[in-house]
Amino acid sequence: MREKYIDLMEKALSAYTDEHIKRYLREVKENGLTEHGFPRLTANIGILIAHGRRVDLLPLFTEMMDVCCSMFLRPRVKAANEFSVREIVFCIAELEKAGAADSDRILCWKEQISRIVPEECYDVIVGSESDRITNWAVFGALSEYARLYFGLGENIDFIERQLSCQLQWIDENGMYRDNKSHECYQPIMYDLVPRGLFSLLLKLGYRGRYYEKIDDCLQKAGLLTLKMQSPNGEMPFGGRSNQFVHTEPWLAAVFEYEAVRYEREGNTELARAFRSAAARALAVTEEWLSKDPILHIKNRFPTETKYGCEGYAYFDKYMITAASNLYAAYLLSDSTVKAEAFPDHEPTAFVTSHYFHKVFLKSGGYMAEIDTNADPKYDASGLGRVHREGAPSAICMSVPCPSRPSYKVDVEKPAALSVCAGVYTNGEWSFATDPSVKYEVKSALCDSESARASVLCRFPDGACVNTEYTVSEKGVTLALCGSGRIACLLPAFSFDGEKRTEITVGENELTVSYNGYVCRYTVSGSIVDRNVTAANRNGHYRTFAAEAEDTLCVKIEIVKE
């Protein structure tokens, strides 16, 4: 499996043609380093060369490395160098170990890296433990510890200062709250990123004043992350930087660190559970990197459209991030821990802290992820994910559809969409995708055969609908109870950017056929086409609703055609 990480790094790099890399180099020479994508590309080429891959790029790589190392010392702008320095340091270490580059050139690069002054090189410098600085400080601490570890730096005081303000962001579950501007809209990827950085820091040997609290955070949140992973291997949805190809490699890195922890403690069963989870995450990455052309986001819209991308999430930066994250997983992995591919079928019910406002239900190869207070710029409240092991992730829904996305879509006035309750009052329908609707999780539990949750939605006009969710090997069932006319939104995936699905509608049944599977909604009421289009990072959705009086049952099952 460690070799698989290197294989997939090479596959990710293959998305860049030689001319593309040369063009990128010309731009950097002209404009300087403006972000961390170019150093990441440089480092990953070097690491592959050290592993006997892409040796044809050695002359070009050498020129790229010269540019990076010199610009760290004299930055025109501080281009998130705290992200990049540790990657260049690891690259130098790999090349030196393998004897894969000219020894004098390596000495030159090491000498340049050893002259870095953190306060002059990095963007974000912590002044005191009360500073409200989030993950950039951890990136800086890791880059400096990498320099220290390989004998290219000695500033342990800077490292401790960077870490000093980080514990304030850890919630009661060990998850990292990165959004300081809006405490209740915490992005899932930005929980995982600092935890992965902490894991690398501890892997390198950090045992300073914050070691025990960091290690406790990692252990606590690691166990919960197992519960949050989809049976398909995907990380949870929620907030910015979601649904990119680089996300599962980072998830794998977090799992690899925990696998080694439990193997070291003699807990072989839990070690293999984490290694199996890492293997599932790796399989997701391999599937997306096997497509032609390789794209950096989980859809098939042409790269130049930037569909599903925030402004900062362009191809040059985020495609190579997949390779960078694969290398982090490689560093944290241990080939002696076996990765048995056992299924993720054990019933699980888990509610996050209010900062992340998620309910996770898993059983029998199915998963439901419910967001009870979604960030409307990225998601919508309600049941935003239904996955079945082995089935296409988007066939029901992998992430909700926001009405005013902070990423690019090509649908004018897209509708908010999740699987959620609706009420009919004052002559019109209102749905629980609206941020004005308040969710209350009344219970979440599981037994030997299923996982269940009860969630109450309170609408602004006083109407209430209670939804009982049940997840088992038979599928996902929602039992809704209200007063008067109630409804449940039904997403019908229609277009992934390349391929259209086949949608069939009957009075009580709605089916979506896609890539050899069928998602079937069976309802106790009637199904109505709402004639609006929704969009998320994965593509387009048609919006339907099941309607009934007082009570309504919706069953979702995903089966092979």
Side-chain angles (χ1 to χ4, degrees), residues 9-50 53-54 56-95 101 105-106 108-110 112-113 115-116 120-124 136 139-140 142-143 146-147 193 241 244-246 249-250 294-297 303-304 306 309-328:
M9 284 178 64
E10 185 175 11
K11 190 68 174 175
L13 177 63
S14 73
Y16 298 79
T17 64
D18 290 6
E19 183 50 45
H20 187 153
I21 298 171
K22 291 174 183 176
R23 173 180 56 77
Y24 205 175
L25 174 59
R26 289 194 296 270
E27 291 173 357
V28 171
K29 282 184 170 181
E30 181 177 347
N31 302 319
L33 290 175
T34 57
E35 40 78 15
H36 52 277
F38 184 80
R40 278 184 171 168
L41 180 61
T42 302
N44 281 281
I45 292 172
I47 290 164
L48 287 168
I49 289 170
R53 319 286 184 96
R54 294 311 308 266
D56 58 298
L57 291 176
L58 181 58
L60 182 57
F61 159 75
T62 301
E63 188 176 359
M64 294 168 72
M65 196 72 161
D66 288 342
V67 167
C68 288
C69 291
S70 64
M71 287 188 179
F72 287 157
L73 288 174
R74 296 179 296 277
R76 299 181 196 176
V77 295
K78 295 180 181 181
N81 289 337
E82 45 263 83
F83 290 55
S84 309
V85 168
R86 55 108 176 171
E87 304 205 45
I88 293 296
V89 169
F90 281 127
C91 173
I92 293 171
E94 290 272 11
L95 290 165
R105 211 54 167 269
I106 290 175
C108 177
W109 294 331
K110 290 174 68 175
Q112 288 174 307
I113 294 296
R115 287 194 286 121
I116 285 175
E120 296 176 3
C121 182
Y122 301 142
D123 274 299
V124 176
W136 282 48
F139 276 105
L142 178 58
S143 276
R147 288 207 309 139
V193 165
S241 297
F244 289 94
V245 176
H246 69 70
W250 198 255
I294 297 172
L295 305 178
H296 72 302
I297 189 167
T303 296
E304 59 270 19
K306 299 181 180 179
C309 297
E310 294 96 330
Y312 59 80
Y314 47 89
F315 179 92
D316 275 1
K317 189 199 310 187
Y318 264 13
M319 186 69 249
I320 199 58
T321 300
S324 174
N325 293 356
L326 286 161
Y327 181 67

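Since we're looking at a predicted model, the values are computed, not measured.
- By the neighbour-count criterion of 12 heavy atoms within 6.0 Å, atom NZ of K78 is densely surrounded, having more than that number from other residues, nucleotides or ligands.
- We find the NE2-CD1 distance between H36 and I88 to be 12.5 Å, quoted to the nearest 0.5 Å.
- A salt bridge between R23 and E27 is present, with a side-chain N of the basic residue lying under 4.0 Å from a carboxylate O of the acidic one.
- Between atom CD1 of residue I297 and atom OH of residue Y314 there is a gap of 15.0 Å, rounded to the nearest 0.5 Å.
- Rounded to the nearest 0.5 Å, atoms CG (L48) and CZ (F61) are 10.5 Å apart.
- Using the six-membered ring where Trp is involved, F83 and W136 have ring planes that are perpendicular, over 60° apart on the 30 and 60° scheme.
- The backbone N or O of S241 lies less than 3.5 Å from a partner atom in the side chain of E310, making a donor-acceptor pair.
- We find that R40 and E35 are not joined by a salt bridge, their nearest charged nitrogen and carboxylate oxygen being 4.0 Å or further apart.
- Listed for the S324 side chain is no donor-acceptor partner under 3.5 Å among the backbone atoms of I320.
- Taking 4.0 Å as the cut-off between side-chain N and carboxylate O, D66 and K29 do not count as a salt-bridged pair.
- Looking only at distances, no side-chain donor or acceptor of K110 sits under 3.5 Å from a matching main-chain atom of I92.
- Ring planes of F244 and H246: parallel class, angle under 30° (limits at 30 and 60°).
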